[in-house]
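Accompanying notes for the structure given below.
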Amino acid sequence: MTETTDETSADPVTVLLVDDNRDWLTLVVHRLREVAPDFDVREANSPDDALDRLTDDVECVVSDYYMPGRTGIELLSEVREDRPDIPFLLFTGAGNEGLASSALSAGADDYIVKTSVDDSAAALATRVRTAVDKHRTERALAESEARYRTLVENVRDAIFVAGDGVVVLVNEAATTLTGYDRAALTAGDIVETVVHPDDRARVRDALDRGVPQSLDIRIRNRGGETRHCILDTDDVVDDGLPGTIGVLRDITAQVHHQRRLERERDTKEAIREILVRQSSRVEVAESFCRYIGSDPDTVAAWVGERTAGGGLAPLAVVGDESYLRMAGVFDADAAVRRGSTEPSLTAFREGTTVVRAVGDEPDTDADAPATAPDAGWTAAAAAGGIETAVAVALRHGGVDYGVLGVYRRGADDDRERRRLEELAETLGYALSTAESREALVADEVVRVRLRVRDGDAGLLAVGDALGRDAELVVHTALPRGDSERYFVTVRGASEAAVTDALASLDGVTPGAVTPGDGVVRAQFDTLAPSLGTAIADAGGVLHRVVVVDGEATVVVDLSRRRPAGPFVEALAAAFDSVVMTARSHRTVESDIGASVLAGLTDRQRESLEVAYRTGYFERPKRRSAAEVAEAIGVSRSTFTQHLRAAQRKVFAELFDAE
């Protein structure tokens, strides 16, 4: 009959029995297999034989104590060299308390006295199973802890385990995030050590509640830097005692990114308001400076415009002007000529972006006099609390408008530098637009006459395709992103000839073509290079364009502050041949037309002019509201809104001006 014990394990147990008494060993092995059928029992008749048979799958060694050559304790020592944690039981026929003590002191797991074969086998089965189960449990726990620690140490988030208010475990990520070593984090109050003072009460409350929570908090690392984190807490049992596990995820980069997005959104909204509401150069420059100066770290911001003499004159200043005066920035003509390295003057002179930290100015000759170019500006900056200067040249359409200078507290920041460069790009466009608007109603303008040729330019290509006898006159030019829409009249060519010419050209999209009163009216779109857009980008106001045989005679009005030379150079960069044939200063008599135009927005003027040019106001109408709206690229309702607003302004100027 086969006997089993209550302790029989579900998993088989491989046990190695070592005894020099072959008869005793055979009997015990036979009986043990009956008592514990789940045992895989192997035999060895000597210590050497046991070492040879000690394979990796053996889970327990049972050895006689007295054997020739070596004792069981000596065998234990050799076994533990290769298998330090394998259960080892001593089996002897001589019960002795001293021997038992020696065996246990030597590291044996148990000590069994030989009695009858049946009793010995039953006792041996129980003791082996107990030792193996204990070893398996300890090994599983050790493996679990090893996996846990491996997981914890390899998690990128900071982890801590606290029990009874004391941190007992932190991972490597926690030391990296906080800058403190493990000893510092586990020695004291981690909340006091790491958490930002304003968030400590919330963190302590979360830890005391004992329920899972997630908090947005700030920490301060050992270097004093503030980091934004998500703290997730939960209950945990550690060594049988209740505790808390906390996971800190560093979200500083995400927070800064979100703040940058919000700042960019706010910037775009603020700039949109400036562009919509402000019309003059001074208003635009002042609004930009006020926006930049709203940052508490900005000491001063200014916009300098190019003077006729090639220097700079202040257009707008916000903040503390004392530095700008002390550094000679306002004495720009002289400062620029003498080659000052002051950031705003350098950026203007070199047409670039200049960033300087106070104290990092270029080396100068030690024997240079006190009036050397660098003397004064760094001292003035330091006296005004300025630590960083950022200056960006203002350019648009190839034309220099001046410089944007910003003087700040704090170190240089690449993101802030890029933001100011983007603002300067928009400011250059705004100044160009404002100057063009001012030229429309200015009392004095510089009128420039040009000859322009370019076989690939859309408008000029249309004139070339119409032939030598045709004259094309541009009445309205509307920018349309990458293209421009023209409304023209043509003399000396039939409706069919104009239609064929427009259809024959790549980069030209034909629109409506209609005859009337000895001319042909036409509408078409052209791709870049676009003459009207190039003139506007360079700061000019298109007065008249006549194209004959592919050559355009262009009349442009410039603000009296705008030098004609840079304007012509900007156009020459876009077209094959640009020649200035005449230039004159003209006094423009103030009239009601100019004052009316000054009061209209760009879209209102565009709607009114295109409606007039395309015959919307004629009876019968040559173009419906829907057709005019399509011509200017808006919906019918938007067109009528702009048209009515323009009409109200015109009538108000006519009847209510006084």
Walk me through whether S344 and W302 qualify under side chain to side chain donor-acceptor pair (under 3.5 Å). CA-CA 9 Å; S344 289; W302 84 301; 3.1 Å; yes

For D205 and R202, what are the C-alpha separation, side-chain angles and deciding distance, and is it a salt bridge (Lys or Arg N to Asp or Glu O under 4.0 Å)? CA-CA 5 Å; D205 181 63; R202 295 170 53 235; over 6 Å; no

side-chain contact (heavy atoms from CB on, under 4.5 Å) assessment of R281 paired with L315: CA-CA 8 Å; R281 294 173 305 105; L315 189 61; 3.5 Å; yes

Assess the residue pair V303 and V284 against the criterion (side-chain contact (heavy atoms from CB on, under 4.5 Å)); give the C-alpha distance rounded to whole Å, side-chain angles, the decisive distance to 0.1 Å, and a yes or no. CA-CA 10 Å; V303 174; V284 167; over 6 Å; no

Residue pair I292, V318: steps toward the side-chain contact (heavy atoms from CB on, under 4.5 Å) verdict: CA-CA 9 Å; I292 295 170; V318 169; over 6 Å; no

Given side-chain contact (heavy atoms from CB on, under 4.5 Å), test F524 with L459 step by step and report yes or no. CA-CA 9 Å; F524 56 88; L459 178 64; 3.9 Å; yes

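Put simply, CG on D198 and CD1 on I217 are 12.0 Å apart, with the number rounded to the nearest 0.5 Å. In this structure, OG1 on T553 lies 8.0 Å from CZ on R451, to the nearest 0.5 angstrom. Rounding to the nearest 0.5 Å gives a distance of 12.0 Å between CZ of R306 and CG of L394. Separation of atoms CZ (R648) and CZ (R644) is listed at 8.5 Å; rounding is to 0.5 Å. Atom OH of Y407 and atom OG1 of T388 lie 12.0 Å apart (nearest 0.5 Å). The OG1 atom of T233 lies 10.5 Å from the CG atom of L248; values are rounded to the nearest 0.5 Å.
With sequence neighbours left out, E606 forms a salt bridge (charged side-chain N to carboxylate O under 4.0 Å, His left out) with R480, R603.
Of the candidates L231, D199, I230, D216 forms a side-chain contact (heavy atoms from CB on, under 4.5 Å) with just one, namely I230. Of the residues listed (Q641, K649, H642), the one engaging Q604 in a side chain to side chain donor-acceptor pair (under 3.5 Å) is K649, and it is the only one.
Within 6.0 Å of the CZ atom in R449, the count of heavy atoms belonging to other residues, nucleotides or ligands does not exceed 12. The 12-atom threshold is not exceeded at CD of E630, counting heavy atoms of other residues, nucleotides or ligands nearer than 6.0 Å. Remark: E425 CD is loosely packed, at most 12 non-hydrogen atoms of other residues, nucleotides or ligands lying under 6.0 Å away. Heavy-atom contacts from other residues, nucleotides or ligands closer than 6.0 Å to CZ of R409 number more than 12.
The heavy-atom pair separating G402 from L312 by the smallest distance is CA-CD2, 4.1 Å. A pairwise comparison of heavy atoms in A625 and T640 identifies CB-CG2, 4.4 Å as the closest pair. Across all their heavy atoms, L558 and F567 have their closest contact at CD2-CD1, 3.7 Å. Of all heavy-atom pairs between S607 and F639, the closest is O-CE1, 3.8 Å. Closest heavy-atom contact between V317 and L324: CG1-CD1, 3.8 Å. Shown here for A430 and F288, the closest heavy-atom pair between the two residues is CB-CE1, 4.3 Å.
Side-chain atoms of R200 come within 3.5 Å of backbone N or O of E192 as a donor-acceptor pair. E609 contributes no side-chain N or O that, together with a main-chain N or O of T476, makes up a donor-acceptor pair within less than 3.5 Å. With T252 contributing its side chain and H228 its backbone, the two residues share a donor-acceptor pair below 3.5 Å.
Contact check on R485 versus D525 returns a salt bridge, with a Lys/Arg side-chain nitrogen under 4.0 Å from an Asp/Glu carboxylate oxygen. Between E421 and R418, none of the side-chain N atoms (NZ, or NE/NH1/NH2) sits under 4.0 Å from a carboxylate O, so this pair counts as no salt bridge. Note on R349 versus E342: no salt bridge recorded, every NZ/NE/NH1/NH2 to OD/OE distance being 4.0 Å or above.
Using a 4.5 Å heavy-atom threshold, the side chains of L185 and V194 count as touching. A heavy-atom distance below 4.5 Å is found between the side chains of D414 and R417. Contact annotation: the side chain of D232 approaches that of R249 to within less than 4.5 Å [non-hydrogen atoms, C-beta and beyond]. Side-chain atoms of L427 and L423, non-hydrogen and from C-beta on, never get closer than 4.5 Å to each other. With contacts defined as side-chain heavy-atom distances shorter than 4.5 Å, the pair L608/L643 qualifies. Contact check for I190 versus Y180: no side-chain heavy atoms found under the 4.5 Å cut-off.
Evaluation of the salt bridge (Lys or Arg N to Asp or Glu O under 4.0 Å) test over residues 312-329, restricted to residues two or more places apart or in two chains, returns E321-R325.
Using cut-offs of 30° and 60° for the angle between ring planes, the W377 and Y323 rings count as perpendicular.
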